[in-house]
Amino acid sequence: KNGWPKPCIQAGGRSRQCPAESGAQPGHSCPRHENRVLKKDPQQDYHLEYAMENSTHTILAFSRELHTCDTNDKSITESTVRIIWAYHHKDMGEAGQNYHGSNRGSKSLRLLNPEKAEISSASLPYFDLTNKDVPIPDKDTTYWCQMFKIPVRHEKHHVTKVEPLIQKGHENLVHHILLYQCSSNLNDSVLDYGHECYHPNMPDSFLMCETVIFAWAIGGEGFTYPPHVGLSIGTAGDPQFVLMEVHYDNPSYIEGLIDNSGLRLIYTPVLRQYDAGVIEAGLWVSLFHNIPPGMPEFVSEGHCTLECLEEALGAERPGGIHVFAVLLHAHLAGRAIRMRHFRNGEEQKLLAYDDEFDFNFQEFQYLKEERTILPGDNLITECHYSTVDRIRMTWGGLSTRNEMCLSYLLYYPRINLTRCASIPDIMEQLQFIGVKEIYRPVRTWPFIIKSPKQYKNLSFMDAMNKFKWSRSEGLSYNELVLKLPVNVRCSKTDNAEWSIQGMTALPPEIERPYKTEPVICSSSSCLCCSILLTLLFVVHVTARTIGNMRPFV
């Protein structure tokens with residue numbers, strides 16, 4: 001039917017990301033490429049399953065193999081894919097394809113993230129944990145913490161789904177939400193407190209909430225637990241008080257913002273077989289994690305050490321725990337994240353990975369097959385960064401301009417292990433830039449350097465920034481950091497610690513870089529490949545919107 005849009009759609013990858021100097025947000029159109037036209041591939045590898053349109057919709061469903069053997073096609077993996085779409089309001093004429101103008105957009109997706117069969121939750125009870133008229137300061141990063149009391153008491157229930165409740169228009173303001181279980185020693189007096197987190201004047205009760213029980217990040221949707229697992233609430237051992245931490249990202253310093261975002265927890269009295277737990281793994285968020293400027297590639301590693309897993313699992317679950325989902329987390333410099341798994345020195349298949357990390361699209365990856373973690377295993381969160389557009393050091397920290405390297409493992413059955421992380425030794429980092437001595441005892445943070453003369457009375461942050469970093473120096477520094485001894489973080493609930501906490505361990509000797517499994521590509525394998533990706537593309541157009549369509553990103 002003439003007059004209704006004919007869309008074109010393409011799977012993009014890293015090559016289609018905007019360079020940092022373009023000023024574009026990740027996932028958005030690059031200013032210098034905005035008028036590029038797609039070229040027709042001489043070898044078409046997709047199969048049109050069906051197509052239809054009426055007065056309001058055009059629907060296309062098509063499929064293609066994950067690895068087509070066509071050098072012009074992008075292999076589709078479990079990593080993030082940036083889908084770009086565009087259409088013109090008129091059908092293609094004799095002159096060929098019409099330019100789409102502003103009728104275009106992009107969206108990051110994880111095409112192979114397996115869907116979970118969801119039991120209808122329409123009739124299930126729920127409760128909301130939402131902020132109430134929180135004023136967002138005109139600064140780039142704000143962490144806001146609010147205490148809540150779980151309303152379900154005295155009888156065990158299972159949370160089956162958690163949904164984000166992001167205030168309309170604040171989708172780019174709310175960067176992540178963490179839900180922490182608090183000490184059982186708290187009482188209702190803490191409920192009056194809402195305050196900026198990690199602030200000198202924050203309530204002391206905030207320090208009694210360190211066990212992550214759920215995590216959501218920008219771009220993610222609701223999370224549904226598998227049918228045999230749920231988040232336990234209602235018993236004495238379950239969270240009674242929780243702290244909700246919301247990270248607001250306001251790089252434009254917009255004034256007068258008021259937010260009411262939060263989470264909805266849907267639960268059931270019909271109990272499931274297992275209680276779910278969360279382990280935070282990776283690099284302890286600290287200035288000890290740092291990345292030199294001007295580096296096209298820099299790798300950081302956070303270790304969930306065999307010593308921590310040996311003690312915690314050996315004491316509580318010698319038969320191991322079962323991981324069913326993973327959330328990988330970094331900030332703006334992040335380019336790729338991998339969760340590596342070792343057993344008896346032998347590397348297993350990657351637990352989770354995203355080689356096309358998008359800061360604006362972070363969600364739990366459901367594992368196709370649950371993974372068993374045993375006492376004595378090693379888990380390494382491997383983060384790849386690019387700082388080519390930065391002239392100063394990038395530091396581990398809370399701001400999106402700082403960096404993190406974390407993975408959140410959802411697993412069952414729940415044990416008393418909430419954090420399994422590491423931080424690298426700082427003194428050898430300082431020795432790399434020529435620092436010989438710091439003032440002792442350490443009375444300030446960051447600590448102050450005593451010698452040599454060029455760094456005297458500087459903090460280690462200032463000294464690292466003063467050092468003249470080149471790419472070759474950065475590469476040498478990266479090799480050093482990956483071999484440094486690490487301080488083990490191995491935490492229980494209620495601010496308790498396993499005995500291994502604070503001890504120093506050597507990172508395992510592993511193969512670097514990680515070798516991806518080769519894709520065997522031949523004409524026969526392409527013809528016989530039975531793994532297909534089916535995409536459904538729907539354009540909804542009304543008479544009112546034809547002339548004023550905006551990209552959906």
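All figures in this text were calculated on a predicted structure; none of them were measured in a lab.
- The aromatic rings of Y143 and H247 lie parallel to each other, their planes meeting at an angle below 30°, with 60° marking the opposite boundary.
- No close placement of the F148 and F241 rings is indicated, their centers lying 6.0 Å or farther apart.
- Side-chain contact annotation: E280 with T418, donor-acceptor N/O pair under 3.5 Å absent.
- Counted by atom type alone, Q167 and N260 present one or more donor-acceptor pairs between their side chains at under 3.5 Å.
- Nearest heavy-atom pair, L482 versus R512, reported as atom, atom and distance to 0.1 Å: O-NH2, 3.2 Å.
- A donor-acceptor pair under 3.5 Å is absent between the side-chain atoms of E370 and the main chain of L367, judged by distance alone.
- H199 places a side-chain N or O within 3.5 Å of a backbone atom of N201 that can act as its donor or acceptor partner.
- How far OH of Y514 is from CD1 of I380: 12.0 Å, rounded to the nearest 0.5 Å.
- Side-chain atoms of D425 come within 3.5 Å of backbone atoms of E428 as a donor-acceptor pair (strictly under, hydrogens ignored).
- By the 30° and 60° cut-offs, the orientation of the rings of H176 relative to H329 is perpendicular.
- Two residues are said to be in side-chain contact when any heavy atoms from C-beta on lie closer than 4.5 Å; V162 and V159 meet this criterion.
- Checking side-chain atoms of N344 against main-chain N and O of E346 turns up no donor-acceptor pair under 3.5 Å.
- The sulfur atoms (SG) of C420 and C308 lie 2.5 Å or more from each other.
- At a cut-off of 3.5 Å, with distance as the only test, a side-chain donor of E382 or H384 sits close to an acceptor on the other residue.
- Going from atom CD of E363 over to atom CG of L328 covers 11.0 Å, rounded to the nearest 0.5 Å.
- Checking R371 against H341 by side-chain atom types alone, a donor-acceptor pair falls below 3.5 Å.
- With no hydrogens or angles considered, a side-chain donor-acceptor pair links D249 and T400 at under 3.5 Å.
- The two residues R390 and P293 make their nearest non-hydrogen contact at O-CB, 3.1 Å.
- Pairing each heavy atom of L129 with each of M244, the nearest pair is O-SD, 3.4 Å.
- Residue Y267 is tested with Y225, F127, Y126 for a ring pair (Phe, Tyr, Trp, His ring centres under 6.0 Å); the sole match is F127.
- Using the six-membered ring where Trp is involved, F460 and W395 have ring planes that are perpendicular, over 60° apart on the 30 and 60° scheme.
- Between Y412 and Q273, the closest side-chain pair of non-hydrogen atoms is not below 4.5 Å.
- The backbone N or O of K492 lies less than 3.5 Å from no partner atom in the side chain of E497, so there is not a single donor-acceptor pair.
- A donor-acceptor pair under 3.5 Å links the side-chain atoms of R335 to the main chain of L332, judged by distance alone.
- Of all the heavy atoms in S232 and K156, the pair that sits closest is OG-NZ, 2.7 Å.
- Rounding to the nearest 0.5 Å places CE of M393 at 12.0 Å from CG of N402.
- For the pair L379/F342, no side-chain contact is recorded, criterion being any heavy-atom separation below 4.5 Å from C-beta on.
- Scanning both residues, S399 and H331, for their nearest heavy atoms gives O-ND1, 2.9 Å.
- The distance from the OG atom of S108 to the CD atom of Q362 is 10.5 Å, given to the nearest 0.5 Å.
- The shortest non-hydrogen separation linking Y253 to D140 is CE2-N, 3.6 Å.
- In this structure a side-chain-to-backbone donor-acceptor pair under 3.5 Å is present from W498 to N416.
- In this structure, S491 OG and I500 CD1 are separated by 12.5 Å, a value rounded to the nearest 0.5 Å.
- Side-chain N or O atoms of N478 include one that pairs as donor or acceptor with a backbone N or O of V299 at under 3.5 Å.
- Counting only N and O atoms by type, the side chains of T130 and D128 include no donor and acceptor under 3.5 Å apart.
- Judged purely by distance below 3.5 Å, without hydrogens or angles, the side chains of T381 and S407 pair a donor atom with an acceptor atom.
- If you check the side chains of H289 and Q429, you find no donor sitting under 3.5 Å from an acceptor.
- Here the side chain of S79 pairs a donor or acceptor atom with the backbone of D355 at under 3.5 angstrom.
- The main-chain N or O of L186 is never found under 3.5 Å from a side-chain atom of S183 such that the two would form a donor-acceptor pair.
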Checking R340 against E347 for the salt bridge (charged side-chain N to carboxylate O under 4.0 Å, His left out) test, could you report, in this order, the C-alpha distance in whole Å, the side-chain angles of both residues, the deciding distance, and whether it holds?
CA-CA 7 Å; R340 301 176 71 174; E347 181 152 19; 2.8 Å; yes
